[in-house]
There are 2 protein chains.
Amino acid sequence: MKLSHFQLVVAVAERGSIRAASRHLGIAQSALTRSLADLERELGDAIFERRARGVILTPIGEAFVSNGRVILNHVRRTGEEIRQMRGLGTGTVTVGLSIAIHLAVLPHVLRPFYVRYPEVRLNIIEGFYPTLASSLRDGSVDFYIGPESQGKVSPELSREVLFQGRRTVLCRQGNPMIAARSLRDLADARWISNSITMTAEDEIGLIFRDFGLPVPKVSIRSQSALTLITCLSNTDFLAMVPMQWTEFELTRKTLAEIKIKEKLLAPSIALVKRADMPLTPAATYFLDLLRRSIERRILRGAN
Amino acid sequence: MKLSHFQLVVAVAERGSIRAASRHLGIAQSALTRSLADLERELGDAIFERRARGVILTPIGEAFVSNGRVILNHVRRTGEEIRQMRGLGTGTVTVGLSIAIHLAVLPHVLRPFYVRYPEVRLNIIEGFYPTLASSLRDGSVDFYIGPESQGKVSPELSREVLFQGRRTVLCRQGNPMIAARSLRDLADARWISNSITMTAEDEIGLIFRDFGLPVPKVSIRSQSALTLITCLSNTDFLAMVPMQWTEFELTRKTLAEIKIKEKLLAPSIALVKRADMPLTPAATYFLDLLRRSIERRILRGAN
DNA sequence: CTCTTGTGATCGCGATTTGTCATCGTTTGC
DNA sequence: GCAAACGATGACAAATCGCGATCACAAGAG
């Protein structure tokens, strides 16, 4: 069993056919077929089931691929760790950050990070835990900071709560509701929700219920920040968003905060990463910067 | 970077010299030197510092080796997982078990395990957490069941408490103290300790202090069960041991329990394993047998 | 001091692995 | 029925990896 076997099998599994994988890897199809046959002979069983339009994984192939991803990522990180130890800061740091972290923390850490590691490529994904979970597990994403899903994460992942989330209400500048001062005043408005953690029930509904109010009408569910901005600027809908939105320069002119008296709690913001597989020096440094920035800007200000 | 590079570097690091490693691996020294030179050229830096009597790891080499151990173990387990999925239950399960688990649980799981996996080799280590920690981290030991160290484990390991430990007092058959019925009666005796979890202070001392008694005299500290049996059978010393010793057939004739009225608590018995790196089917099955046996024999009986 | 012993580095050579190119048989969709 | 996409196979070239022999060097023994 060689590393190339893992690379090859993962590539074929992702592309769905040996030919497609061979084009992607830049080698001949025949070489790939032969290596694959060698591996299957060594294991004594088929990795792929040959079909007319390509190949699909056998149960044994599934096991091989999921282990293979982890192994390959570990090898890649080992190389990056060593390159970074040598001073030449190459490599990639891949992280998942929620919108709130994008807005309040990311702007202040980019500059110091590139002073220290000018050559490292930052791969930032705007996303929430459920979409990133599998990439976190196989090691292709170094860590994630954002709302924790349901307090329950995979066994091989470690979770660390960083701070308690807080929410506020945003609307378009010029929305007549801007004068409202309590949640009750907003009960008749139409809402845009960007809660992803809850799948079945809506987070806005839960908050209204907590304050003894009827569940309001949610007209739009948005996934990304861009969707939210676009919809919010062009309607009189309201959005309940992480408090960190108020620090976002670009929307200062377009959007306004409705300062209601209730204190709106949101899911805790947590750090999730693989329990094993130590981070590369660059990823460690980036995480450290994020931590300090959170400490300074959020923990000190809020509560 | 290939798997053979990791194997080679780990072997050289363990043996301390390239020649010794080449003998161990059964390949020529020249081949090893060349592969090593290739790897170092690829990484751009030295893995080993050449000395007159062998080689020693550079800091970069340390990083390479510690990652390499994890990667190699993961590859090995992938192979075993697949072989076990195919039915032919080959491979090895390596576990660390404390003495109490050896005595009370192990005898009842060996037979059912070999019915299911007749070809699997069981590698059982009698030991305590501190000695096994590094092997658990790099994946060479599948899991450990025994007293938890101080409630604090490495981040890449997961811990799960299985049951509350209980202790009792043993002595040689014929020891006049056998009639004692309270801890106070035993205060003047001399003791054999086999607590490993505590390094600085002795566990026996803590228990006596809990009951408001002076710390007794500990004459022998033993690491293994054999030491304990030997010393206990040939002296009039006493030993405070896990309750599970009373189930041990071999020492029924030689050793006796002093039935004192106090309830002696001991550290919890926990399961520790790597958080990631799922166990092979055989290891999962073995762990399952242990769990059920603990459930039946210990949780149901005690407390 | 010299001699022995253990070490890593280097060279030439053969075996093995791994790649390429061309070709074949099969299945699917038009 | 035919073109397109797929995997399997054989012949051959290139790269890799093994071996043995040999060298240079340092440490310890006498």
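Residue numbering restarts at 1 for every chain, and letters A, B, ... go by the order of the sequence lines.
- Residues that satisfy the salt bridge (charged side-chain N to carboxylate O under 4.0 Å, His left out) test with Arg41(A), not counting sequence neighbours, are Asp38(A).
- For Phe286(A), the ring pair (Phe, Tyr, Trp, His ring centres under 6.0 Å) criterion is met by Phe113(A), not counting sequence neighbours.
- Glu156(A) is linked by a side-chain hydrogen bond (donor to acceptor under 3.5 Å, both in side chains) to nothing, counting only residues two or more places apart in sequence or in another chain.
- Each of Ala52(B) and Val55(A) lies near DNA chain D, and the nucleotide nearest Val55(A) is the one positioned closer to the 5' end.
- By the salt bridge (charged side-chain N to carboxylate O under 4.0 Å, His left out) test, Arg116(A) is found to be paired with no residue, residues two or more places apart in sequence or in another chain being considered.
- Note: CG (Leu8(B)) to C1' (dG8(C)) measures 14 Å, nearest angstrom.
- The NE2 atom of His5(A) sits 10 Å away from the C1' atom of dT18(C) (whole-angstrom rounding).
- Under the side-chain hydrogen bond (donor to acceptor under 3.5 Å, both in side chains) criterion, Ser4(A) pairs with no residue at all, not counting sequence neighbours.
- Of all nucleotides in DNA chain D, those with any atom nearer than 4.0 Å to a heavy atom of chain B start and finish, going 5' to 3', at dT16(D) to dA27(D).
- Checked against side-chain hydrogen bond (donor to acceptor under 3.5 Å, both in side chains), Arg23(B) has no partners two or more places apart in sequence or in another chain.
- Across Phe128(A) and Ser98(A), no two heavy atoms sit closer than the pair CE2-CB, 4.2 Å.
- Look at Arg83(B) and Glu81(B) and you find no salt bridge, because none of the NZ, NE, NH1 or NH2 atoms lies under 4.0 Å from a carboxylate O.
- Atom CG in Leu32(A) sits roughly 12 Å away from atom C1' in dT18(C) (whole-Å rounding).
- In terms of the side-chain hydrogen bond (donor to acceptor under 3.5 Å, both in side chains) criterion, Arg121(B) has no residue partners (sequence neighbours excluded).
- For Leu39(A) and dT17(C), the CG to P distance is 14 Å, given to the nearest whole Å.
- When heavy atoms are screened at a 4.0 angstrom cut-off, Arg34(A) is found touching base atoms of the nucleic acid.
- Less than 4.0 Å separates DNA chain C from no heavy atom of any residue of residues 42-49 of chain A.
- Residues satisfying the salt bridge (charged side-chain N to carboxylate O under 4.0 Å, His left out) test with Glu160(A), not counting sequence neighbours, are Arg291(A).
- A heavy-atom distance below 4.0 Å to DNA chain D is reached by these residues of residues 18-31 of chain A, ordered by number: Ile18(A), Arg19(A), Arg23(A), Gln29(A), Ser30(A).
- Look at CZ on Arg41(B): it is 11 Å from P on dT10(C), rounded to the nearest Å.
- Applying the salt bridge (Lys or Arg N to Asp or Glu O under 4.0 Å) test to residues at least two apart or on different chains, the pairs with a partner in residues 62-74 of chain B are Glu14(B)-Arg69(B).
- Atoms CG (Leu3(B)) and P (dT17(C)) sit 16 Å apart, rounded to a whole Å.
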